[in-house]
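Before any comments, here is the structure.
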Amino acid sequence: MGFKDECGVFGVFGHSEAANLAYLGLYALQHRGQESAGIASTDGSVITFHKEMGQVADIFSEDILARLPGDCAIGHVRYSTTGSSELKNAQPFVVDFESGSIAVAHNGNLVNAQHIKRELEVNGSIFQSTMDTEVIVHLIALSRRETIEERIVEALNRVRGAYSLVFLMPDKLIAVRDPRGIRPLVVGTIRGGGHVVASESCALDLIDGTLLRDVEPGEMVVIDRTGMRSLKPFAAASSRFCVFEYIYFARPDSVMSGTSVYSVRKKMGHRLAIEAPADADIVIPVPDSGVPAAIGFSEESGIPFEMGLIRNHYVGRTFIEPQQSIRHFGVKIKLNAIREVVAGKRVVVVDDSIVRGTTGRKIIKMIRAAGAKEIHVRISSPPTTYPCFYGIDTPSRRDLIAATHSLDEINTYLTSDSLGYLSMAGLHACVPGQSLDGYCHACFSGAYAVPLEEAETEEQLPLFRGSVRI
Ligand code: AMP
């Protein structure tokens with residue numbers, strides 16, 4: 001069961017072109033997962049679905065979308081780095097059980113799925129996939145509660161970890177965010193009628209939707225023919241939204257917790273320029289992830305912003321290298337330095353994060369080969385020292401360069417002239433909220449939002465505390 005899935009989810013209820021809107025929504029969320037995509041729709045009686053390996057643009061045609069009828073649909077994009085990159089693990093996951101059909105799309109990772117899976121298997125359950133999402137589906141099917149809402153709550157009370165989930169039933173759509181709200185999820189309306197939920201608000205922009213708000217941590221939003229209801233069925237937990245969404249993962253044109261991701265990244269650049277100034281001639285971003293922070297760094301420092309690196313946006317997951325080796329090939333196919341911009345210059349290179357350090361090292365060598373006189377690397381987040389278990393793809397500690405090397409050692413490895421990171425206090429100053437305690441920042445601190453070996457509590461919490469119609 002891989003705990004490295006990066007995903008995006010989408011759902012639409014009450015719009016005549018539901019599958020088409022889901023398709024567009026997934027287009028906008030493609031950055032959250034490029035390995036497989038799928039859409040499930042319903043006409044009110046049955047659920048139809050289509051999912052394949054590959055990217056949204058290559059999977060769906062007009063014909064395929066025409067075969068996904070109805071005015072409700074959900075969609076999913078997924079990227080997994082583990083061995084589980086197979087069609088059987090693509091989502092939405094669609095099943096029929098005794099009380100009807102259900103489709104589910106999940107973003108996030110559970111930390112006790114293996115444990116529950118083993119227990120269910122001992123009792124005779126047969127799993128079709130290696131997805132932790134399937135565990136939730138089994139628990140829903142096994143629940144003896146009456147309504148689907150109660151069954152979902154009972155199932156989710158057993159799992160721990162990160163989940164932003166969208167369920168589709170023939171008569172309703174249900175969106176749920178885990179009690180700590182680790183992964184994002186927003187809800188909105190669509191012009192012409194209907195509701196929409198999505199991992200990020202940029203998906204709403206594309207379909208002329210209006211962002212209402214974030215689905216709150218621990219909230220269950222039920223959308224059916226009577227409208228939208230909000231339930232708070234889980235025990236209260238402190239919110240621990242993933243801070244890395246603001247740093248790297250989300251699209252900068254998305255709004256999270258009412259705050260523009262772009263504005264947060266730019267602020268990080270401002271702060272970085274104060275915390276780790278550099279005497280230089282130009283500031284260049286590593287595109288695309290470093291652009292907003294580089295603009296902020298340039299504004300704060302007064303050092304001109306330039307595009308010294310250009311990204312090729314059409315590179316696939318793999319490419320065939322020529323037999324005769326080309327220097328810096330792996331990075332050159334994605335990025336190229338503009339000699340006219342960097343030659344003879346003292347350059348500040350801004351990126352959002354360093355993971356293994358391998359890309360950074362190649363980039364520095366490439367900029368140096370293009371004639372830069374000095375290269376000062378500035379990173380708009382604190383050093384990444386711990387892996388993520390809640391849905392961001394980071395390698396184990398031993399492969400995280402900042403987990404095993406000092407600042408000086410990383411600088412030496414990168415072959416840069418200086419290196420500076422944003423501090424934790426700096427990060428706090430840039431993200432919304434009173435304190436970093438409201439976030440999961442385990443990748444920088446090791447303080448995991450959901451303890452990995454947390455003992456399961458069998459205690460069933462009272463269902464549906466405070467159901468309010470909104
Ligand atoms: P590395 O060579 O491993 O240090 O890679 C660093 C680059 O990866 C930076 O440019 C980051 O923007 C990018 N990055 C950080 N986190 C992720 C992630 N989870 N998936 C893909 N790329 C990432």
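Side chains included, hydrogens not; waters and symmetry mates left out as well; all remaining heavy atoms used. As the structure lists them, so they are numbered: ligands from 1, and atoms in each ligand from 1.
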**Q.** Lys/Arg-Asp/Glu bridge criterion (N-O < 4.0 Å) met for Lys117, Glu134
**A.** no
Q. Are the charged groups of Glu245 and Arg183 less than 4.0 angstrom apart, N to O?
A. yes
Under 4.0 Å from ligand 1, counting heavy atoms only, is it the side chain of [X], its backbone, both or neither?
| X | result |
| --- | --- |
| Ser353 | both |
| Val355 | both |
| Thr359 | both |

Which atoms of ligand 1 have any heavy atom of [X] under 4.0 Å away?
| X | answer |
| --- | --- |
| Ile354 | 4 (O) |
| Glu6 | 18 (C), 19 (N), 20 (N) |
| Ile392 | 19 (N) |
| Arg356 | 1 (P), 3 (O), 4 (O) |

Q. What residues form a side chain to side chain contact (heavy atoms under 4.5 Å, CB included) with Ala369, not counting sequence neighbours?
A. Arg327
Q) What pairs with Ala402 under side chain to side chain contact (heavy atoms under 4.5 Å, CB included), at least two apart in sequence or on another chain? A) Pro383, Thr385, Ile410, Tyr421
(Q) Pairing donors with acceptors under 3.5 angstrom, does anything connect the side chains of Asp352 and Ser381? (A) no
Q: Assess the side chains of His106 and Gln91: does a donor N or O sit below 3.5 Å from an acceptor N or O?
A: no
Any [X] heavy atom less than 4.0 Å to ligand 1:
| X | result |
| --- | --- |
| Arg361 | no |
| Thr394 | no |
| Val286 | no |
| Phe249 | no |

Q: Can you establish whether the number of heavy atoms outside Lys334 located under 6.0 Å from its atom NZ is more than 12?
A: no
For [atom], what is the closest protein heavy atom, and at what distance to 0.1 Å?
| atom | answer |
| --- | --- |
| atom 12 (O) of ligand 1 | Asp352 OD1, 2.4 Å |
| atom 22 (N) of ligand 1 | Tyr248 OH, 2.9 Å |
| atom 10 (O) of ligand 1 | Asp351 OD2, 2.5 Å |

Q: May I ask you to decide if Pro184's main-chain N or O and Ser164's side chain share a donor-acceptor pair within less than 3.5 Å?
A: yes
Q.
Treating Arg177 as the side-chain partner and Val215 as the backbone partner, does any N or O pair qualify as donor plus acceptor under 3.5 Å?
A. yes
Q. Cation-pi between Arg361 and Tyr413: NZ/CZ under 6.0 Å from ring centre and within 45° of the ring axis?
A. yes
Q | Nearest-option assignment for atom 4 (O) of ligand 1, heavy atoms, candidates Cys388, Gly357, Pro287 | A | Gly357
